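Here the structure comes first, spelled out in structure tokens, and everything after it is commentary.
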Amino acid sequence: MTRVITYGTFDLFHEGHYRLLQRAKELGDYLIVGVTTEAYDKARGKLNVVDSLVTRIENVRKTGFADEIVIEETQGQKINDIRKFHIDIFVIGSDWTGAFDYVKDYCDVVYLERTKNISSTMLREKNSPIQRVGIIGTGRIAERFIPEAKLVSGISTQGVYNPHTKSAERFADKWEINFYKDLEAFYQASDVVYIASPHETHYQYIKTSLEHQKHVLCEKPMVLQKKQAEELFECARERKLILLEGIKTAYCPGFHKLLGIACSGIIGNIRNVEACFTKLEAQVSRELTDKKYGGSFTELGSYVMLPIFKIFGKEYNSLQFDSIRDEKGLDLFTRTTLSYPSGVATATCGLGVKSEGRLLIAGTKGYIVAEAPWWKTTYFEVHYENAEKIEKYSEIFLGDGLRYEISDFLSMINGSNSSEFKLTRGESVAMAEIMEKYLRKEGRG
Ligand code: C2G
């Protein structure tokens, strides 16, 4: 009996998949089909899978070609499967030609010609037309956005607006996109807007973008006043638009795993959260020269507040800020202390003082620790009273990580609300309120 195996995501099941499975089955007597898990697809950079694992398995089963269906969860599983299931032939489409030659030591490898003019990507685009992104602002984060957006299918960066035309022109040249001097023309050519301009300009740009019926992804801190955040979310809700604050950590897979473990009860009841993020900046940088909106809290506060709001919620009993300032009055270092009915938290950030940037979550049975850069979580440990018992967790984080928030933003636009819990509107409003309290206390509000 000849045993054949093949693998795939089989998202939005189509004729290409059908023909591949049909021909795979014809190569032998028994066909095993491996269907990828969502986590594995995310890990290999396939972020926009639409169908759930159950649906994808069901679609493979319905073809009647598979004698057995297995789940593909990890890189490196193929060789184990081939040995475990005594496979004679490994089959895959010609888009992978050469990529699986390494299993030739264990079985035959057949690359079958791909069916032309059909793919899951094409179907995704047909179901949800490509969203043309316009960027407002041309700073460092906007530079990082473009290559990350390229990796998310269904979205394409079309142009940039900056009132400083020279900067817009330079940016557009570098990334081969359009630049606009006129905001109306910019809106006409964009379906969605990514705002990466200075903090204090966000409110007006978000408002104008929503009024032009555009979905908005805005860099953190989204706005600097609670009532502005409430007004903008209300405006987005009325117009059925997505407004999302881009705190990249909130969408990062490793940070989610960490929150899931923290809230699972394995470290008991959580009593203390300490989050720290410091990044030494040059004296001439905007963050240390903008007397009104610069400083470490407006720059990094969103990151360090995030795990605290996620774990203890937004209803704190008391809040205290302590800052070390430079001669201009800008905070080089800020420690925020919050007390909650069931615990305490500190959020520490610095642009002019370096510290060990770690996230520590302490509970009644143990603690979780993630070292810097925990805001791009790839690794964390769970410790207990017994110092020898340490559980280690790791997770993928690709590139600059903006691809995760871009992909979630796009899924929300396309009607899925499965990512909304990652950073809720209420949490963004609470972030705005804390920025407002801080600036007011510093006499800058
Ligand atoms: N396929 C095809 N013709 C198409 C589209 C896809 O023959 N027009 C084949 C692919 O070559 C692959 C299978 O259908 O063999 C499943 O394709 P995908 O769902 O895109 O999965 P893929 O990312 O190729 O998974 O471990 C996963 C595998 O390595 C490949």
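No experiment lies behind these values; they were computed from the predicted model shown. As the structure lists them, so they are numbered: ligands from 1, and atoms in each ligand from 1. Only heavy atoms go into these numbers, but all of them, side chains included; no hydrogens, no water, no symmetry mates.
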Protein contact of atom 15 (O) of ligand 1 - nearest heavy atom, named by residue and atom, plus distance
Gly93 N, 2.9 Å
Contact partition for Leu20 relative to ligand 1, non-hydrogen atoms under 4.0 Å
side chain
Between Lys78 and ligand 1, which residue portion shows a heavy-atom distance shorter than 4.0 Å: side chain, backbone, both, or neither?
side chain
For the rings on Phe421 and His256, is their centre-to-centre separation under 6.0 Å?
yes
Considering only the protein, which heavy-atom contact is closest to atom 21 (O) of ligand 1, and what is its distance?
Thr9 N, 3.1 Å
Aromatic ring proximity, centroids under 6.0 angstrom, Phe65 and Tyr18
yes
Where ligand 1 meets Glu72 - atom numbers and elements under 4.0 angstrom, heavy-atom basis
26 (O), 27 (C)
For ligand 1, which atoms, with element, lie under 4.0 Å from some heavy atom of Gly8?
16 (C), 21 (O), 25 (O)
Rounded to the nearest 0.5 Å, how far does CD of Glu405 lie from CG of Leu217?
5.0 Å
Is Phe100 touching ligand 1 with its side chain, its backbone, both, or neither, if touching means heavy atoms under 4.0 Å apart?
side chain
Against the six-membered ring of Phe85, is Arg83 placed for a cation-pi contact (under 6.0 Å from the centre, within 45° of the normal)?
no
Starting from atom 5 (C) of ligand 1, locate the nearest protein heavy atom and write down its residue, its atom name and how far away it is, to 0.1 Å.
Arg114 NH1, 3.3 Å
Please verify whether a non-hydrogen atom of Lys46 lies at under 4.0 Å from ligand 1.
yes
Quick check: His17 with Phe10 (ring centres under 6.0 Å apart)?
yes
Tell me, do Val193 and Ile136 make a side-chain contact under 4.5 Å, heavy atoms counted?
yes
Within the supplied structure, the quantity of interest is the number of heavy atoms (other residues, nucleotides, ligands) at a distance under 6.0 Å from Lys279 NZ; does it exceed 12?
yes
Ligand 1 contact on Glu15 by region, counting heavy-atom pairs under 4.0 Å
neither
Among all protein non-hydrogen atoms, which one is nearest to atom 8 (N) of ligand 1, and what is the separation to 0.1 Å?
Ile118 O, 2.6 Å
Using a 4.0 Å heavy-atom cut-off, say whether Arg44 meets ligand 1 through its side chain, its backbone, both or neither.
side chain
Close side-chain approach of Tyr367 and Val382, heavy atoms under 4.5 Å:
no
Within a strict 4.5 Å, meaning less than it, do heavy atoms of the Thr377 and Lys257 side chains meet?
no
To check your reading of the model: name the closest protein heavy atom to atom 11 (O) of ligand 1, its residue, and the distance in Å.
Asp95 OD1, 2.6 Å
